[in-house]
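Below you'll find the structure, written out as structure tokens, and then a few comments.
Whatever order the structure lists them in is the order used to number ligands and atoms, beginning at 1. Keep in mind that the numbers below use all heavy atoms, side chains included, and drop hydrogens, waters and symmetry copies.
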Amino acid sequence: MAKLTVKDLDLKGKKVLMRVDFNVPIKDGVIGNDNRVVAALPTIKYVLQQGGKAILFSHLGRVKKAEDKPGLSLRPVAKHLSDLLGQDVIFPGVTEGKKLEDAVSALNEGQALMVENTRYEDVNDQGEYVKRESGNDPELGKYWASLGDDIFVNDAFGTAHRSHASNVGIASNVSRTAAGFLMEKEIKYLDVAVNDPKRPFVAVLGGAKVSDKIAVIKNLLGKADKVIVGGGMSYTFAAARGRKIGNSLFEEDRVDLAKEIIAQAGDKLVLPDDSLAAESFANDVPTKVFEKGIDDGWMGLDIGPKSIEKFKETLKGAKTVVWNGPMGVFEMSNFANGTLEIGKYIGSLTSQGATTIVGGGDSTAAVSQLGIADQFTHISTGGGASLEYLEGKTLPGIAAISDK
Ligand code: AMP
């Protein structure tokens, strides 16, 4: 699947519609972490350098009532982007109307304009929650598309699993939609991993709940050579194997499903043998390693040393690794070791020629907190979007990008 990218477009003098992900934390008008803004810079700069007139769209938070709007204005982001680009980003402060249209018409080559938070459209002037943006109102997508010169660059992977007016809606109303550099990278790594991996391909899944990741486990069992399952969700599998799990995380209503998966997967599924447990969910209580079963009154909070070795052995020689979800409660130092050891080991495979991908969300937080983020080939920026990709779903935002 080759998708059109921003480099395939003739941008000079064109009003280029662009969807970026500027959904950054803002408190009292101050941006907390600007990673997402920085990540979008290469595509924005490229469009401006080519002589395009960039019209930027992004959502920010969730707008459900009129009072949500003032605190969720993109104005501070426009100001910050101006600083990062070293040029003024025009901010009319609205999502539609004459003021916006006049500002767009007045744009010069190499200038950028930012539309106000696209989710302002979710609440109308009467304060009703009408979801024009989130519900992909066809008129809204058509209107936003009319502001540009028939080309759209989508660089917001984090919202690619949603069908909104500012991604799918605009794309449906222009002749050519292209991926920005960020989007291109996400598609390149996730798509190759899931659909055309170099083998052996090993998936490592962890995190709290089986119920959140059933579709991922099932899809990857059909694609990977081995699927390692650790973290809180491994205890439902342990219970399905007839083991005692003490007070560990447990989803009773998923035990039958876990049994089914174990029976179908055979030795493709690799589960922990031992656990590091504590008497309560805390970092300052005594810990103990249990092999096979966990005693009553104890809670498994990390994989144990034997499991770490077993998982490393399974990963040895892998040429593609997808990792989603921590091996234990990495937020507490006593239970971070399993995630750190497996993370470092996966990272070490990168220098041996493997493609190593971290699948977003909590795993991204884990690798950053553990200081190993630079060891991977690719860290996906979209939590929900990358999970849905790994589930094998077609993401509407990606499907709406034109083929080459
Ligand atoms: P997820 O969002 O499903 O990837 O889950 C991530 C969360 O799972 C993290 O906050 C971890 O602390 C938590 N987690 C991982 N292992 C365990 C465990 N053994 N017991 C409880 N929580 C866990």
statement: of all protein heavy atoms, closest to atom 4 (O) of ligand 1 is K213 NZ, 3.1 Å

query: Can you tell me if R19 and S166 form a side-chain donor-acceptor pair at under 3.5 Å?
result: yes

- prompt: Relative to the heavy atoms of Y235, which atoms of ligand 1 are at a distance of less than 4.0 Å?
  reply: 19 (N)

message: Looking only at protein heavy atoms, which one is nearest to atom 12 (O) of ligand 1, and what is the separation?
response: E331 OE1, 2.6 Å

query: Under a 4.0 Å heavy-atom limit, does F335 contact ligand 1 with its side chain, its backbone, both, or neither?
result: neither

Option whose closest heavy atom lies nearest to atom 20 (N) of ligand 1, chosen from L387, I245, V329: V329

task: Say whether D155 and T43, considering side chains only, have a donor N or O and an acceptor N or O under 3.5 Å apart.
output: yes

message: Show the atoms of ligand 1 that are less than 4.0 angstrom away from any heavy atom in G207.
response: 1 (P), 3 (O), 4 (O), 5 (O), 6 (C), 8 (O)

message: If only side-chain N and O atoms count, and only distance matters, is there a donor-acceptor pair under 3.5 Å linking T355 with T377?
response: no

- prompt: Side chain, backbone, both or neither: which part of D362 has a heavy atom under 4.0 Å from ligand 1?
  reply: side chain

Check against salt bridge (Lys or Arg N to Asp or Glu O under 4.0 Å), R62 and D68: CA-CA 8 Å; R62 287 210 173 133; D68 292 338; over 6 Å; no

statement: Closest to atom 16 (N) of ligand 1 among protein heavy atoms sits G232 N, 3.0 Å

message: If the test is side chain to side chain contact (heavy atoms under 4.5 Å, CB included), which one of V24, V77, T381, I31 qualifies with R36?
response: V24

- prompt: Of the protein's non-hydrogen atoms, which lies at the shortest distance from atom 19 (N) of ligand 1, and what is that distance?
  reply: G300 O, 3.0 Å

- request: Report the nearest protein non-hydrogen atom to atom 5 (O) of ligand 1: residue, atom name, distance rounded to 0.1 Å.
  value: A208 N, 3.0 Å

message: One residue to check: L301. Relative to ligand 1, which of side chain, backbone, both or neither has a non-hydrogen atom less than 4.0 Å away?
response: both

Short side-chain donor-acceptor distance under 3.5 Å, T159 and D21: no

task: Please say which of D191, I187, N167, L190 ends up in a side chain to side chain contact (heavy atoms under 4.5 Å, CB included) with I398.
output: I187

- request: Around atom 15 (C) of ligand 1, find the nearest protein heavy atom and jot down its residue, atom name and distance.
  value: G328 O, 3.2 Å

Side-chain donor-acceptor contact under 3.5 Å, Y120 with E96: no

message: Using a 4.0 Å heavy-atom cut-off, which part of M233 comes near ligand 1: side chain, backbone, both, or neither?
response: neither

- prompt: Any side-chain heavy-atom pair from I151 and L11 closer than 4.5 angstrom?
  reply: yes

